[in-house]
Amino acid sequence: AQRVTQPEKLLSVFKGAPVELKCNYSYSGSPELFWYVQYSRQRLQLLLRHISRESIKGFTADLNKGETSFHLKKPFAQEEDSAMYYCALNYGGSQGNLIFGKGTKLSVKP
Amino acid sequence: EAGVTQSPTHLIKTRGQQATLRCSPISGHTSVYWYQQALGLGLQFLLWYDEGEERNRGNFPPRFSGRQFPNYSSELNVNALELEDSALYLCASSPTGRTEAFFGQGTRLTVV
């Protein structure tokens, strides 16, 4: 069965430190993976998707099919990065098959 | 551009009652998705509507149902409410065939 696993419920780092939020998925086909972010009192929004291979707000994520991972990374964390981060897997080619991990709360301390 | 809007923001119901949640997608979006975000369980996929038809359904009992109207707005109905139905219900929309979902602020349903 398809599954998205985010092993860390909470990740706490200091400002300027590197950040890596882990995401592993289980899917035998060709996945489409996303990272969504929810800042305090704001709605869930798309941060980036693997097919775009882009950097958003300094964050990047690379799909590693061998390790079935899609970890989110940023070299220097900022306080404004504090938020809930959700990894999501789209399988079957339609958004109706979008499943989410349970999320990781990132706290960046000054 | 107006985002996805959901109403009401909060809803309190007693066990056994019915709840109706509403969602208006972004203009031009034909697909609407419903998710349940219960404490500690993350986002669980409920339903997907596109062009007025139910396209996919998550692993929820039949008392969770909904519909999509000709203007692409959507309702989620939960019958015979149970205490464990208490959760944040999120609606998202996207254009047909696109995979990026835009989320609303959610409806907080509390069953007492």
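The chains referred to below are lettered A, B, ... by the order of the sequence lines, with proteins before strands, and numbering in each begins at 1. Worth saying up front: this structure is predicted, and the values here are computed from it rather than measured.
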Exercise. Do B:F102 and B:L47 belong together in a cluster built from hydrophobic side chains that touch within less than 4.5 Å?
Worked result: no
Exercise. With only heavy atoms counted, which part of B:Q44 is less than 4.5 Å from chain A, the side chain, the backbone, both or neither?
Worked result: neither
Exercise. Taking all non-hydrogen atoms of both residues, which atom of A:L44 and which atom of B:F103 are closest, and how far apart?
Worked result: O-CB, 3.5 Å
Exercise. Where does A:Q6 contact chain B at under 4.5 Å (heavy atoms): side chain, backbone, both or neither?
Worked result: neither
Exercise. Is B:N59 atom CG crowded by more than 12 heavy atoms from other residues, nucleotides or ligands, each under 6.0 Å away?
Worked result: no
Exercise. Would the number of heavy atoms belonging to other residues, nucleotides or ligands and lying under 6.0 Å from CD of A:E80 be above 12?
Worked result: yes
Exercise. With the 4.5 Å side-chain cut-off for hydrophobic clustering, are A:V13 and A:L47 part of the same group?
Worked result: yes
Problem set entry | Main-chain N/O of B:V4 paired with A:R43 side-chain donor or acceptor, under 3.5 Å | yes
Exercise. Could you go step by step and tell me if A:F100 and B:F45 meet the ring-ring contact (aromatic ring centres under 6.0 Å, His included) rule?
Worked result: CA-CA 8 Å; A:F100 287 81; B:F45 168 67; 9.9 Å; no
Exercise. Would the number of heavy atoms belonging to other residues, nucleotides or ligands and lying under 6.0 Å from OH of A:Y39 be above 12?
Worked result: yes
Seminar exercise, completed: Interatomic distance, CD@A:Q38 vs CG@B:L90, rounded to 0.5 Å, equals 7.0 Å
Exercise. Are B:F64 and B:L88 grouped together when hydrophobic residues (ILVMFWY) are joined by side-chain heavy atoms under 4.5 angstrom apart?
Worked result: no
Exercise. Under 4.5 Å between any side-chain heavy atoms of B:Y33 and A:L98, yes or no?
Worked result: no
